[in-house]
Peer 1: 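Would you mind keeping the following structure in view while I ask a few things?
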Protein chains: 2
Amino acid sequence: MHLTRYTDYALRVLIFLAVKGDERATIHEIAESFGVSRNHLMKVVQDLSHRGYITTIRGKHGGLLLSRAPEEISLGGLVRDTEHELGLVECLRDGNDCIITPACRLKPIFNEALEAFLAVLDRYTLADMLGPRQPQLARLMQIAISPA
Amino acid sequence: MHLTRYTDYALRVLIFLAVKGDERATIHEIAESFGVSRNHLMKVVQDLSHRGYITTIRGKHGGLLLSRAPEEISLGGLVRDTEHELGLVECLRDGNDCIITPACRLKPIFNEALEAFLAVLDRYTLADMLGPRQPQLARLMQIAISPA
DNA sequence: CGCTAAGCAGTATTTTATATACATGTTAAA
DNA sequence: TTTAACATGTATATAAAATACTGCTTAGCG
């Protein structure tokens, strides 16, 4: 049971931006910092932008900013938005052709379990991911801490 | 977020055997009934056998039987046994090299969510998957209902 | 005794989802 | 008008999972 890297990267982008505060960050910078594919990250960024999580600024000296306060970004919401396929088993997905589906109780049970999973994430926000360790995170991501 | 078909097939094998009751079922028969790979199913079956879920009988007129009552087979336990990789994101897996892991709170949060997921499954058993619909399941799986 | 139907085990191939790379376009500041 | 950023679409590569193949072992039956 895995989430995709797509979702993982979305989380990392948001963490990076949260730590940066009001300073713009570029995709290139974030990709470098985490050592991941710049191109893949770009798609994640576009998605986050379309969904209203971040603001993108084109052109020279462009970059990215959070559009909402970290306290207002729910992890549950994010996972629902970025993890495109949450159908845990075949019977929960499109094109299901498991023959016993009409009589089998797997579906409601796994749905309940998935809801419990997401409910936990709903209780946390991006702010909870940073906690009191923002300076340490900044160091790890090699962000030059901006003078306030 | 998907479980593997491996886990899915394990569930189906157990359901099949539960409906069959004390009659033996062959791997071939189960694979045919669900229209899935006989070879893959065989590996699932071996695993289930090693873990004590089912008893296998070799030789002519051999086959498979449940080793425990359906009420005693927990779904949570089964998923923990058959879903080999439960590390949802990179930082929960071996070989993690996400640079912010030391300061990031993703790990405990996703662990909590995973525990909530499994806790729901822990509340159900194989018997709950059948419910009162055993005859309907038997029909769907094309099991000739054995006279009691 | 040996044939046959079943499970056992290891390896190899195929498939699929995901991730990555590439090529080109658009925007806006300097 | 150049340059540094994001935008978009397509193609390729990678890795995990599923499936197939080959040969072996066990045990009932005639």
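Model, not experiment: these values are computed from the prediction. Quick note: numbers below take in every heavy atom, side chains included, and nothing from hydrogens, waters or symmetry partners.
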Peer 1: Taking the basic N atoms (NZ, or NE/NH1/NH2) and the acidic carboxylate oxygens, is any pair closer than 4.0 Å for A/Glu90 and B/Arg12?
Peer 2: yes
Peer 1: How far apart are the closest heavy atoms of B/Arg93 and B/Gly87, and which atoms are they?
Peer 2: NH1-O, 2.7 Å
Peer 1: Measure the shortest side-chain to side-chain distance between A/Leu48 and A/Tyr9 over non-hydrogen atoms and say whether it is less than 4.5 angstrom.
Peer 2: no
Peer 1: Grab the NE2-C1' distance between A/His84 and C/dT18 for me, whole Å please.
Peer 2: 11 Å
Peer 1: Work out which heavy atom in B/His28 is nearest to a heavy atom in B/Arg38; give both atom names and the distance.
Peer 2: ND1-CD, 3.4 Å
Peer 1: Fit a plane to each ring of A/His84 and A/Tyr6, take the angle between them on a 0 to 90° scale, and name the class: parallel (under 30°), tilted (30 to 60°) or perpendicular (over 60°).
Peer 2: tilted
Peer 1: Do A/Leu66 and A/Leu126 have side chains that approach each other closer than 4.5 Å (heavy atoms only, starting at C-beta)?
Peer 2: yes
Peer 1: Expressed as a whole number of angstroms, how long is the span from A/Ile27:CD1 to C/dT26:P?
Peer 2: 18 Å
Peer 1: Between P on C/dA6 and CD1 on B/Ile30, what's the gap in Å once rounded to a whole number?
Peer 2: 12 Å
Peer 1: For nucleotides 11-15 of chain C, print each protein N/O atom paired with a nucleotide N/O atom at under 3.5 Å, atom names and distance only.
Peer 2:
unit_1 : atom_1 : unit_2  : atom_2 : d
C/dT11 : O4     : B/Lys43 : NZ     : 2.5

Peer 1: Write down the protein N/O and nucleotide N/O pairs, taken from nucleotides 1-5 of chain C, whose separation is under 3.5 Å; answer none if there are no such pairs.
Peer 2:
none

Peer 1: Determine, for A/Lys20 against A/Glu29, whether the closest basic-nitrogen to carboxylate-oxygen distance falls under 4.0 angstrom.
Peer 2: yes
Peer 1: Let me know the distance between CG of A/Asn39 and P of C/dT24, rounded to the nearest Å.
Peer 2: 14 Å
Peer 1: In whole Å, I'd like the distance from the NE2 atom of B/His28 to the P atom of C/dC8.
Peer 2: 17 Å
Peer 1: Let me spell it out: for each of A/Glu83 and B/Met42, pick the nucleotide of DNA chain C with the closest heavy atom. Which residue's pick is nearer the 5' end?
Peer 2: B/Met42
Peer 1: Indicate yes or no: at least one non-hydrogen side-chain atom of B/Leu121 is less than 4.5 angstrom from one of A/Ile109.
Peer 2: yes
Peer 1: Give a yes/no on whether any side-chain N or O of A/Thr4 is located under 4.0 angstrom from OP1 or OP2 of C/dA17.
Peer 2: no
Peer 1: Heavy-atom distance under 4.5 Å between the side chains of B/Val36 and B/Leu41, does that happen here?
Peer 2: yes
Peer 1: Heavy-atom nearest nucleotide on DNA chain C for A/His40 versus A/Ile57: which residue maps closer to 5'?
Peer 2: A/His40
Peer 1: Of all nucleotides in DNA chain D that come within under 4.0 Å of a heavy atom of chain A, which is furthest toward the 5' end and which toward the 3' end?
Peer 2: D/dA4 to D/dT10
Peer 1: Round to the nearest Å and state the distance from B/Leu88 atom CG to C/dT18 atom P.
Peer 2: 14 Å
Peer 1: DNA chain D: A/Leu64 or A/His2, which has the more 5' nearest nucleotide?
Peer 2: A/Leu64
Peer 1: Say you draw a straight line from NZ of B/Lys43 to CD1 of B/Ile27; how long is it, rounded to the nearest 0.5 Å?
Peer 2: 11.5 Å
Peer 1: Please report, rounded to the nearest Å, how far the C1' atom of C/dG7 is from the CG atom of B/Leu48.
Peer 2: 14 Å
Peer 1: Rounding to a whole Å, what distance do you find between B/His50:NE2 and C/dG10:C1'?
Peer 2: 13 Å
Peer 1: Before you tell me yes or no, could you show the steps for B/Val120 and B/Arg123 under side-chain contact (heavy atoms from CB on, under 4.5 Å), namely the whole-Å CA-CA distance, both residues' side-chain angles and the distance that decides it to 0.1 Å?
Peer 2: CA-CA 5 Å; B/Val120 170; B/Arg123 294 208 303 272; 4.2 Å; yes
Peer 1: For the residue pair A/Phe110 and B/Tyr124, establish whether any side-chain heavy-atom pair is separated by less than 4.5 Å.
Peer 2: no
